[in-house]
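Everything quoted here is computed from the prediction, not taken from an experiment.
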Amino acid sequence: VQLQASGGGLVQAGGSLRLSCAASRRTFSNNGVGWFRQAPGKEREFVASISWSAGSRNYENAVKGRFTISRDNAKNTVYLQMNDLKPEDTAVYYCAAARSIQAETAGNRYAYWGQGTLVTVSS
């Protein structure tokens, strides 16, 4: 079971990035998927999640209106489009597959985690 996150990089404030999370078919079979992030010296926090059917999505308040989570089940890939990036968005971003089909928000509801991808937003 593997999740592969990619798409991070260095961007100026106000810019955009799109993160991708690719997984084995088994991993994404009937799973909700979420993105979390961890900034230096801070705890990991929830960013966004999407249910298996994409009928339900949740966002952390600070990213609402700027980030959009989507998924392509045929490609076993989940995306996080990040617009209007701010320096406080700087963090390592992780994708994870939930134990359920729901758009979970709690980290302990996730069973599988990918390696992180670093997003750095300069001011």
Side-chain angles (χ1 to χ4, degrees):
V1 174
Q2 291 185 336
L3 298 173
Q4 182 75 33
S6 61
L10 174 63
V11 64
Q12 290 187 333
S16 298
L17 284 174
R18 188 177 80 157
L19 305 183
S20 298
C21 178
S24 63
R25 181 177 180 180
R26 176 183 175 187
T27 303
F28 271 5
S29 177
N30 297 322
N31 293 100
V33 176
W35 285 95
F36 293 76
R37 65 186 180 186
Q38 187 167 21
K42 296 186 177 181
E43 294 187 352
R44 183 183 66 195
E45 65 175 0
F46 167 78
V47 176
S49 62
I50 187 168
S51 63
W52 177 78
S53 67
S56 178
R57 308 178 196 204
N58 289 310
Y59 296 95
E60 193 264 333
N61 285 337
V63 307
K64 283 182 180 177
R66 299 189 297 122
F67 291 11
T68 301
I69 189 170
S70 62
R71 67 189 298 164
D72 184 338
N73 286 341
K75 296 182 178 180
N76 299 313
T77 303
V78 171
Y79 304 98
L80 185 67
Q81 178 66 43
M82 305 186 296
N83 298 328
D84 190 23
L85 283 160
K86 304 176 180 182
E88 51 264 42
D89 294 318
T90 295
V92 177
Y93 284 71
Y94 300 90
C95 64
R99 304 177 195 277
S100 76
I101 64 172
Q102 306 298 333
E104 305 284 1
T105 60
N108 61 9
R109 301 293 293 176
Y110 286 81
Y112 307 107
W113 293 80
Q115 93 297 348
T117 185
L118 177 62
V119 172
T120 303
V121 184
S122 63
S123 57

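- For the side-chain hydrogen bond (donor to acceptor under 3.5 Å, both in side chains) test, no residue two or more places apart in sequence or in another chain qualifies with Tyr110.
- Ala103 and Ser56 make their closest contact through CB-O, 3.6 Å (heavy atoms, listed as atom of the first residue, atom of the second, distance).
- The nearest pair of heavy atoms linking Ala5 to Cys95 is CB-SG, 4.1 Å.
- In this structure, the separation between CG on Leu85 and OG on Ser122 is 10.0 Å, given to the nearest 0.5 Å.
- You'll find the side chain of Val119 stays beyond 4.5 Å of the side chain of Leu10, heavy atoms only.
- Atoms CZ and OG, from Arg71 and Ser20 in turn, are 13.5 Å apart once rounded to the nearest 0.5 Å.
- Side-chain contact check for Arg37 versus Val63: some heavy-atom pair is nearer than 4.5 Å.
- By the 4.5 Å heavy-atom criterion applied to side chains, Ser70 and Arg57 are counted as neighbours.
- The shortest side-chain heavy-atom distance between Phe67 and Gln81 does not fall under the 4.5 Å cut-off.
- Using a 4.5 Å heavy-atom cutoff, the side chains of Trp52 and Val33 are not in contact.
- Val11 and Val92 end up in different hydrophobic clusters when Ile, Leu, Val, Met, Phe, Trp and Tyr side chains are linked at under 4.5 Å.
- Residues Thr68 and Tyr59 form a side-chain contact, since some pair of their non-hydrogen atoms from C-beta on lies under 4.5 Å apart.
- A heavy-atom distance below 4.5 Å is found between the side chains of Asn58 and Ser49.
- Below 30°, between 30° and 60°, or above 60°: for Phe36 and Phe46 the angle between ring planes is above 60°, a perpendicular geometry.
- For residues 102-115, every residue pair satisfying the salt bridge (charged side-chain N to carboxylate O under 4.0 Å, His left out) rule, not counting sequence neighbours, is listed here: Glu104-Arg109.
- For the side-chain contact (heavy atoms from CB on, under 4.5 Å) criterion with Met82, the lone passing option out of Val47, Ile69, Leu17 is Leu17.
- Tyr79 forms part of no hydrophobic cluster, judged by ILVMFWY side-chain heavy-atom separations under 4.5 Å.
- Both Ile50 and Trp35 are assigned to one and the same hydrophobic cluster, defined by single-linkage of ILVMFWY side chains at heavy-atom distances under 4.5 Å.
- Checking Ser16 against Asn83 by side-chain atom types alone, a donor-acceptor pair falls below 3.5 Å.
- Of all the heavy atoms in Ala96 and Leu3, the pair that sits closest is CA-CD1, 3.7 Å.
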